[in-house]
A.B. asks: 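Can you read through this structure? Questions will come right after.
Predicted, not measured: the structure shown is a model, and the values here were computed from it. Lettering follows sequence order; numbering is per chain, from 1.
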Amino acid sequence: MPIRFYNTLTHKLEEFVPLSAGSHAADPFLGAHVRMYTCGPTVYDYAHIGNFRAFLFADVLRRYLELRGARVRQVMNMTDVGHMTDDQVADGAGRDKLELAVERMRESKKAGQALVENPNDPYQVAEFFIMAFLEDARALGLAVVADRDQAASETEKERIMPRPTRHIPEFIGQIQDLLARSHAYVGDDGVVYYDVGSFANYGRLSGNSIERLSHGAGGRTNQLAAKRHPADFFLWKPDPTHLMRWPSPWGEGYPGWHVECSAMALTILGPSLDIHTGGEDNIFPHHECEIAQAEGATGKCFARFWMHARHLMVNGEKMSKSKGNFFTIRDLTEQGYDPLVIRWALIRSRYRESLNFTLPSLREAAEAIASLRDLAEKTSLVVTGVDEAAGEGDFVPFGAAPAPHEPPLEKADAAMLDEFNRAMDDDLNTSAALAALFTWADPLSKQKKIAYPQARSALLALRRVDHVLGVIFAPLRPLPAALQHQIETLMEQRNQARREKDFARGDQFRARLAELGVEVTDTPSGSRWRPRLAPA
RNA sequence: GGCCGGAUGCCCGAGCGGACUAAGGGAGCGGAUUGCAAAUCCGUUUUUCGUGGGUUCGAAUCCCACUCCGGCCUCCA
């Protein structure tokens, strides 16, 4: 089955074929190597759910390609150089955003919250938010962070989630290449500018033309005397007073903000990528400029596919800081929502549709996940019992491709996977893929008893789809030991009350447990509890 | 001003010319079951796809107009 993605570059759906296909003629994805670059977060503040929607879209894309048998090398940057507040004039005016973060930090230190040792040090501030980002991203199951965590060395980690401040020499190298190939020039003001007129394809990605850019009513291009064209943007700006600055052939200063991704992607992944992803707001100017830089410097096609996630809305409105309607992951987990619920809510509909985020949608997500996790538990219990008895304790290969010794799936399970794949092949139609999953899961969930062969097959099928979804087998947040103990005591007290037929007292304990975020169910074999995925 | 998307049943969300009295998820209400719950079952909120025209044997799906919402046009994922 061919995979089709919407390619922003060509403005249409296209069949996706990896540049380095595998050796299986029948299926280009088996054993293929896919190189993918994901525009990551800026780290002068906590990332919010809107940012994570874009990262999770890339994660689902990557995991789906893995499910189809490809090996994906994904790189995601963490932008630790300060973009400028007045970047809209493309000339590096205004204040450095990292400088503003430093100021916020200094103020919060005054207020008694010492988040970093030295709030005047931009590197410490960036480091703080990088750590916060990694923590949130782990909780949400971003595979690229797992790659990083498992990397053997600091150098290897840096090649998976690079930070621009550690790659300045490469930026300078790229700028030199652009100067050498006459795509850039040094203006009378000493600033190095990209010459958009020298790159014929400038505007292809965003559907802009250079004329329109300079004449549109909203166009904020800025004619500086030093620039050849108003749309020219800066690559290096000498400024010996800037907060973060590095030596360069053009004087001490700082790089333009489009340089980082093109330079890091090229040095880490090579001149041609399979896929480059980001949020829709990256299309212009960021990705447009990246293409101009990378292709200007190498003369080769930079990325075959450009894929962009639409923006997340909150309660029907655009999310923005001025409206105060944005959530961070920690805002939501503190309210009692499990990160898996957030993951589900952000991936359950297709990346190219704008998604409206609401708290009720998190509750929906909790219910949906719970039913799938219940099915996973039900089938696991059967399989574990039998396989342990048969001395096959090491069963359950967790991963995308089926293990060689794996038995064939039952017909219904294979059919579900086919349908799941067919939906995902259609430009990652996750809604339709989930429909296939639930349609299949429903009768199994209702079945009172599942025999071993059926349970084993169903479990394998669930593990495959969960390689993409990442919410069925992922562990829940661990409970603090003290809380765990408290819960068990309350359970015992409740059981005691129920044994004495004092149901009123028993129900009080259940209410207490509910307040602790625990849900109790009574079964013929005794009472059980489990953490709620969303607050009551 | 220019260029793009979108409007689907109580809510969310697939479908994009016939299998649609619309997949799937969630919610409400009534009943069965339960000490009470949870889960499950039965019934219900649903001949309905923003509005008005048109094309067609046939339209949620194509065309035109209108209304509303959202995005981009050098801050943003």
Side-chain angles (χ1 to χ4, degrees), chain A residues 11 38-42 47-58 83-91 94 97 196 203 206-209 212-222 230-234 257-258 277-286 288-289 308-313 316-321 326 344-345 348-350 352-358 360-361 363-372 374 419 423 426 429-442 445-446 448 498 501-504 506-507 510 514 519-523 527-528 530:
Chain A
H11 310 272
T38 298
C39 268
T42 49
H48 54 65
I49 51 173
N51 301 324
F52 275 110
R53 187 203 188 184
F55 307 144
L56 282 168
F57 138 65
H83 290 168
M84 306 304 291
T85 53
D86 288 348
D87 254 350
Q88 65 267 34
V89 293
D91 300 311
K97 287 189 180 173
V196 295
S206 57
N208 278 316
S209 67
R212 246 192 266 136
L213 284 173
S214 40
H215 301 304
R220 282 174 276 180
T221 49
N222 186 15
D232 289 352
F233 54 94
F234 88 100
W257 69 285
H258 313 296
T277 74
E280 60 174 329
D281 54 300
N282 280 155
I283 297 171
F284 194 89
H286 187 50
E288 195 74 77
C289 294
H308 295 94
R310 297 222 82 180
H311 274 315
L312 183 72
M313 317 251 291
E317 287 188 310
K318 186 187 175 178
M319 187 169 54
S320 71
K321 296 211 168 175
F326 65 96
W344 180 274
R348 60 185 244 276
S349 62
R350 198 195 246 150
R352 216 150 52 78
E353 304 292 334
S354 60
L355 172 63
N356 187 22
F357 181 89
T358 61
S361 74
R363 283 167 194 282
E364 268 184 41
E367 294 303 322
I369 294 177
S371 74
L372 294 174
D374 285 348
E419 212 172 314
D426 177 22
N429 189 344
T430 39
S431 304
L434 293 179
L437 173 59
F438 278 107
T439 306
W440 165 84
D442 190 52
S445 300
K446 288 175 181 167
K448 290 261 190 291
R498 292 182 74 234
K501 302 279 182 214
D502 187 349
F503 293 114
D507 287 349
R510 178 158 56 199
E519 176 171 76
V520 181
T521 48
D522 300 321
T523 72
S527 299
R528 304 179 52 196
R530 64 177 180 188

A.B. asks: Once you apply a heavy-atom cut-off of 4.0 Å, does A:Glu288 come out as touching a base, just sugar-phosphate, or nothing?
C.D. replies: nothing

A.B. asks: I'd like to know if the side chain of A:Arg53 reaches the main chain of A:Arg310, judged simply by a donor and an acceptor atom lying under 3.5 Å from each other, with no hydrogens or angles considered.
C.D. replies: yes

A.B. asks: Give me the distance, rounded to whole Å, that separates B:rU40 from B:rU34 when you measure between the C1' atoms they each carry.
C.D. replies: 11 Å

A.B. asks: If the P atom of B:rA32 is compared with that of B:rA22, how far apart are they to the nearest Å?
C.D. replies: 29 Å

A.B. asks: Once you apply a heavy-atom cut-off of 4.0 Å, does A:Arg352 come out as touching a base, just sugar-phosphate, or nothing?
C.D. replies: nothing

A.B. asks: Starting at the 5' end of RNA chain B and moving along, which residue's nearest nucleotide shows up first, A:Phe52 or A:Glu519?
C.D. replies: A:Glu519

A.B. asks: Could you grab the distance from atom CD of A:Glu419 to atom OG1 of A:Thr439, nearest 0.5 Å is fine?
C.D. replies: 7.0 Å

A.B. asks: Could you check how far NZ of A:Lys446 sits from P of B:rC42, rounded to whole Å?
C.D. replies: 7 Å

A.B. asks: From A:Ile49 CD1 over to A:Phe52 CZ, what is the distance, rounded to the nearest 0.5 angstrom?
C.D. replies: 10.5 Å

A.B. asks: At under 4.0 Å between heavy atoms, what does A:Asp522 touch on the DNA or RNA strands: base, sugar-phosphate, or nothing?
C.D. replies: base

A.B. asks: Using the side-chain heavy atoms of A:Ala231, tell me which of these nucleotides is nearest: B:rA23, B:rG15, B:rU74.
C.D. replies: B:rU74

A.B. asks: Among B:rA27, B:rA37, B:rU74, which is the nearest nucleotide to the side chain of A:Glu367?
C.D. replies: B:rA27

A.B. asks: Rounded to whole Å, please give me the gap between CG in A:Leu312 and C1' in B:rG71.
C.D. replies: 13 Å

A.B. asks: Looking only at the side chains, is there a donor atom on one of A:Arg348 and A:Ser361 sitting less than 3.5 Å from an acceptor on the other?
C.D. replies: no

A.B. asks: Ignoring hydrogens and angles, tell me if any N or O in the side chain of A:Asn429 forms a donor-acceptor pair with the backbone of A:Ala432 under 3.5 Å.
C.D. replies: yes

A.B. asks: From the list B:rG71, B:rG6, B:rC76, which nucleotide is the closest neighbour of the side chain of A:Glu280?
C.D. replies: B:rG71

A.B. asks: Looking at B:rA77, I'd like to know if its phosphate oxygens (OP1 or OP2) sit under 4.0 Å from a side-chain N or O belonging to A:Thr42.
C.D. replies: yes

A.B. asks: Assess the residue pair A:Phe326 and A:Asn51 against the criterion (side chain to side chain contact (heavy atoms under 4.5 Å, CB included)); give the C-alpha distance rounded to whole Å, side-chain angles, the decisive distance to 0.1 Å, and a yes or no.
C.D. replies: CA-CA 10 Å; A:Phe326 65 96; A:Asn51 301 324; over 6 Å; no

A.B. asks: Distance check: side-chain N/O of A:Ser431 vs OP1/OP2 of B:rA14, anything under 4.0 Å?
C.D. replies: yes

A.B. asks: Nearest heavy-atom pair of A:Val196 and A:Asp232: which atoms, and what distance?
C.D. replies: N-OD1, 2.9 Å

A.B. asks: A:Ala309 near the nucleic acid: base, sugar-phosphate alone, or nothing, with a heavy-atom cut-off under 4.0 Å?
C.D. replies: nothing

A.B. asks: Rounded to whole angstrom, note down the C1' distance from B:rG15 over to B:rG25.
C.D. replies: 15 Å

A.B. asks: If you check every side-chain atom of A:Glu353, which of B:rA37, B:rG35, B:rG6 has the closest atom?
C.D. replies: B:rG6

A.B. asks: Please report the distance separating the C1' of B:rG50 from the corresponding atom of B:rC42, rounded so that it comes out in whole Å.
C.D. replies: 35 Å

A.B. asks: Please determine whether any donor N or O and acceptor N or O are separated by less than 3.5 Å between the side chain of A:Arg363 and the base of B:rG26.
C.D. replies: no

A.B. asks: Looking at the side chain of A:Arg510, which of B:rA37, B:rG13, B:rG71 is the nearest nucleotide?
C.D. replies: B:rA37

A.B. asks: I want to verify a distance call: between B:rG13, B:rG70, B:rG25, whose nearest atom is closest to the A:Ala368 side chain?
C.D. replies: B:rG25

A.B. asks: Would you mind reading off the distance between A:Asp281 atom CG and B:rG71 atom P, rounded to a whole angstrom?
C.D. replies: 11 Å

A.B. asks: When the C1' atoms of B:rG17 and B:rU56 are considered, how many whole Å apart are they?
C.D. replies: 9 Å

A.B. asks: I need the CD1-C1' distance between A:Ile369 and B:rG26, as an integer number of Å.
C.D. replies: 13 Å

A.B. asks: Starting from C1' on B:rU74, measure out to CG on A:Asn282 and report it in whole angstrom.
C.D. replies: 12 Å

A.B. asks: Give me the ring orientation class for A:Trp257 and A:His286: parallel if the planes are under 30° apart, tilted from 30 to 60°, perpendicular past 60°.
C.D. replies: parallel

A.B. asks: If you compare every side-chain N and O of A:Lys448 against the phosphate oxygens of B:rU40 (OP1, OP2), does one of them come in below 4.0 Å?
C.D. replies: no

A.B. asks: Counting heavy atoms from C-beta on, name the nucleotide in B:rG35, B:rG71, B:rG24 closest to the side chain of A:Phe503.
C.D. replies: B:rG35

A.B. asks: Would you name the heavy atoms of A:His258 and A:Phe233 that are closest together and state the gap between them?
C.D. replies: CD2-CD1, 3.8 Å

A.B. asks: Taking CG from A:Leu434 and P from B:rA23, how many angstroms apart are they, rounded to a whole number?
C.D. replies: 16 Å

A.B. asks: Please state the C1' separation for the pair B:rA59 and B:rG2 - nearest whole angstrom.
C.D. replies: 32 Å

A.B. asks: From the options B:rA23, B:rA77, B:rA14, select the nucleotide whose nearest atom is closest to the side chain of A:Thr439.
C.D. replies: B:rA23

A.B. asks: Look at all strands and tell whether A:Asp507 reaches a base, only sugar-phosphate, or nothing, counting heavy atoms closer than 4.0 Å.
C.D. replies: base

A.B. asks: Should A:Glu364 and A:Thr358 be marked as a side chain to side chain contact (heavy atoms under 4.5 Å, CB included) after you check the CA-CA gap, both sets of side-chain angles, and the distance that decides it?
C.D. replies: CA-CA 10 Å; A:Glu364 268 184 41; A:Thr358 61; over 6 Å; no

A.B. asks: Counting only side-chain N and O atoms of A:Asn429, is one of them less than 4.0 Å from OP1 or OP2 of B:rG15?
C.D. replies: yes

A.B. asks: Could you write out RNA chain B as dot-bracket? Rules: Watson-Crick or G-U wobble, both distances under 3.5 Å, brackets [ ] for crossings, | for pairs with another strand, dot for unpaired.
C.D. replies: ((((((((.[[[..)..(.....]]]((((((.......))))))....[[[[[..)....]]]]])))))))....

A.B. asks: When the distance from CG of A:Asn356 to C1' of B:rG26 is rounded to whole Å, what number comes out?
C.D. replies: 15 Å

A.B. asks: If we take the C1' atom in both B:rA7 and B:rA60, what is their distance in whole Å?
C.D. replies: 12 Å

A.B. asks: Nearest to the side chain of A:Phe284 - B:rG71, B:rU74, B:rG6?
C.D. replies: B:rU74

A.B. asks: Taking the P atom of each, how far is B:rU8 from B:rC3, in whole Å?
C.D. replies: 26 Å

A.B. asks: Given 3.5 Å as the limit, does a donor-acceptor pair link the side chain of A:Glu288 with the main chain of A:Gly203, or not?
C.D. replies: yes

A.B. asks: Pick the nucleotide of RNA chain B nearest each of A:Glu364 and A:Ala504; which residue has the one closer to the 5' end?
C.D. replies: A:Glu364

A.B. asks: Is A:Leu437 touching bases, backbone alone, or none of the nucleic acid, heavy atoms closer than 4.0 Å?
C.D. replies: nothing

A.B. asks: For a quick check of understanding: with a heavy-atom distance under 4.0 Å over all strands, which category does A:Gly278 fall into, base, sugar-phosphate or nothing?
C.D. replies: sugar-phosphate

